[in-house]
Amino acid sequence: MARILSIDYGKKRTGLAVTDPLQLIAGGLATVATHLLFDYLKDYVSREQVERIVIGEPKQADGSHSENMVRITPFVNRWRKAYPHIPIEYYDERFTSVLAHRAMIEGGLHKKARQNKALVDEISATIILQDYLESIKRKP
């Protein structure tokens, strides 16, 4: 079975997470500079079997898209053109940063570690992916 990869796309940094080959557990993969993301993923999918990519869909509390969507859409279109055999789909990412901070606090990380934005991005990508996996299990 191939992995599922998730992306928490940011203006400067992008958090990545990936499942195990059986698609049971999501785990943090990396945080990369956003301008290097496409090349990073190109290299990753050349080494690992990836079934699909889930990218966080940035929404406001009212459900409308946030300003980051204008940066994400061109990336998604570029990916779909270059890798049509690896689908990329959106998944609601509302509140993942808040959940990431809460997880860091509950995990006992000190304040200085919780200020590590790269770690927050990676944890956010992991939360997106874990939520996605749970949503698949709920579907009949």
Side-chain angles (χ1 to χ4, degrees):
M1 212 173 196
R3 298 175 188 271
I4 300 174
L5 188 139
S6 72
I7 300 172
D8 180 34
Y9 196 97
K11 184 177 182 180
K12 295 179 184 179
R13 288 172 318 281
T14 296
L16 302 171
V18 69
T19 65
D20 62 295
L22 296 176
Q23 299 179 4
L24 299 173
I25 301 170
L29 176 63
T31 300
V32 298
T34 299
H35 71 278
L36 300 174
L37 177 62
F38 196 88
D39 289 335
Y40 181 93
L41 291 176
K42 185 170 79 170
D43 180 59
Y44 187 82
V45 301
S46 74
R47 293 181 284 110
E48 294 287 340
Q49 206 175 4
V50 175
E51 176 182 303
R52 75 180 49 252
I53 294 177
V54 177
I55 189 164
E57 184 176 21
K59 292 185 176 184
Q60 305 286 353
D62 67 1
S64 63
H65 285 129
S66 75
E67 64 186 44
N68 199 33
M69 194 65 183
V70 298
R71 288 184 279 278
I72 294 172
T73 301
F75 172 82
V76 169
N77 291 339
R78 181 179 176 200
W79 182 266
R80 286 179 173 155
K81 186 174 181 180
Y83 294 93
H85 62 286
I86 304 175
I88 186 167
E89 63 184 86
Y90 292 104
Y91 190 79
D92 190 343
E93 70 169 24
R94 278 182 282 189
F95 312 115
T96 54
S97 293
V98 173
L99 293 171
H101 279 286
R102 186 176 298 154
M104 293 169 84
I105 290 168
E106 291 173 1
L109 289 178
H110 297 288
K111 186 175 182 179
K112 186 158 179 96
R114 293 193 308 262
Q115 292 172 340
N116 179 348
K117 292 179 181 178
L119 182 58
V120 172
D121 293 338
E122 189 174 322
I123 292 171
S124 293
T126 305
I127 291 169
I128 291 167
L129 186 52
Q130 192 64 48
D131 284 354
Y132 176 81
L133 290 173
E134 290 172 16
S135 75
I136 291 173
K137 291 175 189 173
R138 287 191 299 264
K139 288 182 182 176

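As the structure is a prediction and not an experimental result, all values here were calculated from the model.
The structure places CG of D43 at 4.5 Å from CZ of R47, a figure rounded to the nearest 0.5 Å. Annotation: the span from L36 atom CG to K42 atom NZ amounts to 12.0 Å, rounded to 0.5 Å. A distance of 12.0 Å separates CD1 in I25 from OG1 in T126, rounded to the nearest 0.5 Å. Here CD1 of I88 is found 7.0 Å from CH2 of W79. Values are rounded to the nearest 0.5 Å. How far CD1 of I55 is from OG1 of T14: 7.5 Å, rounded to the nearest 0.5 Å. Separating the OH atom in Y91 from the CG atom in L133 is a distance of 9.0 Å, to the nearest 0.5 Å.
Using a 30° and 60° split on the angle between ring planes, H85 and Y83 fall in the tilted class, from 30° to 60°. Below 30°, between 30° and 60°, or above 60°: for F38 and F75 the angle between ring planes is above 60°, a perpendicular geometry.
If you check the side chains of R80 and N77, you find no donor sitting under 3.5 Å from an acceptor.
T31 places no side-chain N or O within donor-acceptor distance of the main-chain N or O of G15, the cut-off being under 3.5 Å. Looking at Q23, its side chain does come within 3.5 Å of a backbone N or O of A2 through a donor-acceptor pair. Using a distance-only test at 3.5 Å, with no hydrogens or angles considered, a donor-acceptor pair links the side chain of N68 to the main chain of Y9.
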Quiz prompt | side chain to side chain contact (heavy atoms under 4.5 Å, CB included) between Y44 and R3, intermediate numbers included | solution = CA-CA 11 Å; Y44 187 82; R3 298 175 188 271; 3.5 Å; yes

Exercise. In sequence, state the C-alpha distance, the side-chain angles, and the governing distance for L29 and L5, and then conclude on side chain to side chain contact (heavy atoms under 4.5 Å, CB included).
Key: CA-CA 9 Å; L29 176 63; L5 188 139; 4.0 Å; yes

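Under the 4.5 Å side-chain contact rule for hydrophobic residues, Y40 and V45 share a cluster. No continuous path of ILVMFWY side-chain contacts below 4.5 Å connects L37 to I123, so the two sit in separate hydrophobic clusters.
Counting heavy atoms from C-beta outward, P58 and I72 have side chains that approach closer than 4.5 Å. Between L129 and I4 the shortest side-chain heavy-atom distance falls below 4.5 Å.
Partner I7 forms a side chain to side chain contact (heavy atoms under 4.5 Å, CB included) with one of T34, V32, L41 and no other, that one being L41. Remark: of the listed residues V18, I86, T19, I86 is the sole one forming a side chain to side chain contact (heavy atoms under 4.5 Å, CB included) with V50.
In this structure, R52 pairs ionically with E89, as a charged nitrogen and a carboxylate oxygen lie closer than 4.0 Å.
Heavy-atom neighbours of E67 CD from other residues, nucleotides or ligands within 6.0 Å: at or below the threshold of 12.
The two residues S124 and D8 have their closest heavy-atom pair at CB-OD2, 3.2 Å.
Residues passing the side chain to side chain donor-acceptor pair (under 3.5 Å) test with R78, sequence neighbours excluded: none.
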